[in-house]
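Along the sequence shown, residues are numbered consecutively beginning with 1. For ligands, and for the atoms within them, numbers begin at 1 and follow the listed sequence.
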Amino acid sequence: MTDKRHHHHSRRAEFSSKFGVIMAAAGSAVGLGNIWKFPYITGVYGGAAFLFVYLAFIAAIGVPVMLSEFIIGRGARRNPFGAFRKLAPNSLWPFAGMMGIGAAFMILSYYGVVAGWSLEYIVRSLTDGFSGKSADELAADFTTFVESPVEPVIYQLLFMFMTGLIVFAGVKNGIEKGSKIMMPLLIFIVIILGIRSITLPGAGDGLKFFFKPDFSRLTWEGVLAALGHAFFSLSLGMGTLITYGSYISADTSLPRSAVQVSGLDTLISILAGLVIFPAVFAYGIEPGSGPGLVFITLPNVFVQMPGGYVFAILFFVLLTLAALTSAISILEVVVVYFHEELKIRRKVATVLATVVTGLLGVICSLSMGINKGQTFFGLNFFDLMDWISAYLLLPLGGLLITLFVGWRLGRRLVHAEISKGGHLSPAMLTVFMALIKIIAPIAIAIVFFKGINLL
Ligand code: PFF
């Protein structure tokens with residue numbers, strides 16, 4: 001979509017409608033983070049107490065950072081690196097954009113692995129691979145699969161190929177159109193599964209775990225995880241929404257878009273929790289059992305429910321598609337950067353970025369199985385990529401983004417940008433400025449240093 005930028009008089013591509021903006025940005029935000037990661041980290045970090053901290057971070061930090069990214073993106077109409085350079089020439093700010101490019105490589109490498117699992121689970125549900133199996137057998141099946149050396153790698157590479165293909169063809173029609181169809185369908189399926197799950201016998205314990213907080217279970221590591229996940233889930237801190245913001249037309253309200261996208265993303269995470277936790281307790285699965293939670297719990301639900309065969313297929317198709325619309329947005333960050341800054345032809349840049357992230361992904365996949373013994377700071381390569389990107393780079397990127405918009409761009413420029421296509425009352429603008437100048441940066445810094453045990 002940026003193919004024509006070097007022709008001086010042609011306009012940069014834009015999303016075609018407000019609805020398209022919301023669906024594309026929500027397509028990026030809603031992904032494995034909501035349905036795979038959110039339930040399992042909520043399980044690991046103690047349930048409802050984690051949920052409430054997470055919700056507070058979404059409202060107080062996530063929404064302001066998202067609005068900040070949109071402001072930078074639409075204000076500069078460039079890739080993240082170029083946007084900082086345009087808005088703050090001859091400064092070190094563009095390195096915040098560079099950091100985002102690095103985070104994109106890391107996230108996409110392990111993201112593709114999990115999306116590959118989802119792809120394999122489509123095949124598994126098509127071939128009726130769950131029926132007649134006990135909870136223990138379904139758990140063992142998952143472990144055997146992710147630890148094997150060949151199959152998960154093939155599916156991961158297949159997924160990366162699909163991701164590359166869509167970006168290669170040009171994303172405008174792919175992302176915007178695809179998201180408009182897939183997102184409503186995804187919401188529908190999650191609601192149906194949620195109803196099935198909360199009507200299971202024994203579901204009440206799951207609802208209690210998810211909604212009744214026990215703050216004594218909360219740790220600083222959990223608080224950092226909540227912050228990191230708020231960034232990850234909303235696609236913040238690495239320039240994805242700077243990139244998408246650069247495609248938003250002047251008649252669209254940025255504050256309204258930020259609130260709507262964040263709201264939709266949060267809604268889907270809560271719905272995913274309503275699907276997973278009742279089922280977890282109904283089948284006696286350990287809620288803190290980690291990355292396998294969704295892949296083990298949901299097959300248990302499918303086995304028990306009427307029409308489970310069909311719902312299993314639908315669910316994993318949609319999980320894969322949700323992953324795809326997110327993966328495309330991550331790849332797009334790298335590709336547009338290569339294209340606009342390094343002047344590499346867009347298609348060449350796409351192949352390059354896909355191959356590199358695909359190969360990093362192979363390392364991630366193998367680190368679950370045959371390379372399990374090889375650890376860094378006690379983490380395998382897969383977890384390392386996750387940890388560095390989600391818990392270090394994204395919060396750090398978010399910190400720099402809020403400081404940049406708050407202190408470098410300042411109230412007047414911010415006001416000019418958000419007045420296009422909508423407005424924020426002076427009081428709300430003051431609240432926003434206070435959040436991004438002071439409150440969010442301090443909160444991010446405290447959580448960050450506490451979390452990594454430097455304080
Ligand atoms: N938000 C996506 C998810 O929740 O699955 C993941 C993601 C996409 C993270 C884009 C970061 C990003 F820039």
- request: Determine, using ring centers only, whether Phe52 and Phe211 are less than 6.0 Å apart.
  value: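 Aromatic pair excluded; centres sit 6.0 Å or further apart.
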message: Using ring centroids (six-membered ring only for Trp), state whether Trp36 and Tyr40 fall under 6.0 Å.
response: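 Ring-ring flag for Tyr40/Trp36: true, centres closer than 6.0 Å.
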- prompt: In this structure, which one of Phe210, Tyr283, Phe50, Phe38 forms a ring-ring contact (aromatic ring centres under 6.0 Å, His included) with Phe277?
  reply: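 The residue from Phe210, Tyr283, Phe50, Phe38 that satisfies ring-ring contact (aromatic ring centres under 6.0 Å, His included) with Phe277 turns out to be Phe210.
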- prompt: Given Trp93, which of Trp407, Phe404, Phe81 fulfils the ring-ring contact (aromatic ring centres under 6.0 Å, His included) condition?
  reply: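 So, applying the ring-ring contact (aromatic ring centres under 6.0 Å, His included) to Trp93 and each of Trp407, Phe404, Phe81, only Phe404 qualifies.
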field: Crowding at CG, Leu92 (>12 non-hydrogen neighbours, <6.0 Å)
entry: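 12 or below, so no.
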- request: Using only heavy-atom distances, determine whether the side chains of Thr240 and Ser235 contain a donor-acceptor pair under 3.5 Å.
  value: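 Distance-only check fails for Thr240 and Ser235.
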query: Under a strict 4.0 Å criterion on non-hydrogen atoms, which protein residues are in contact with ligand 1?
result: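 The 4.0 Å shell around ligand 1 contains Ser28, Ala29, Gly31, Leu32, Gly33, Asn34, Tyr111, Phe232, Ser233, Ser235, Met238, Thr240, Ser326, Ser329, Ile330.
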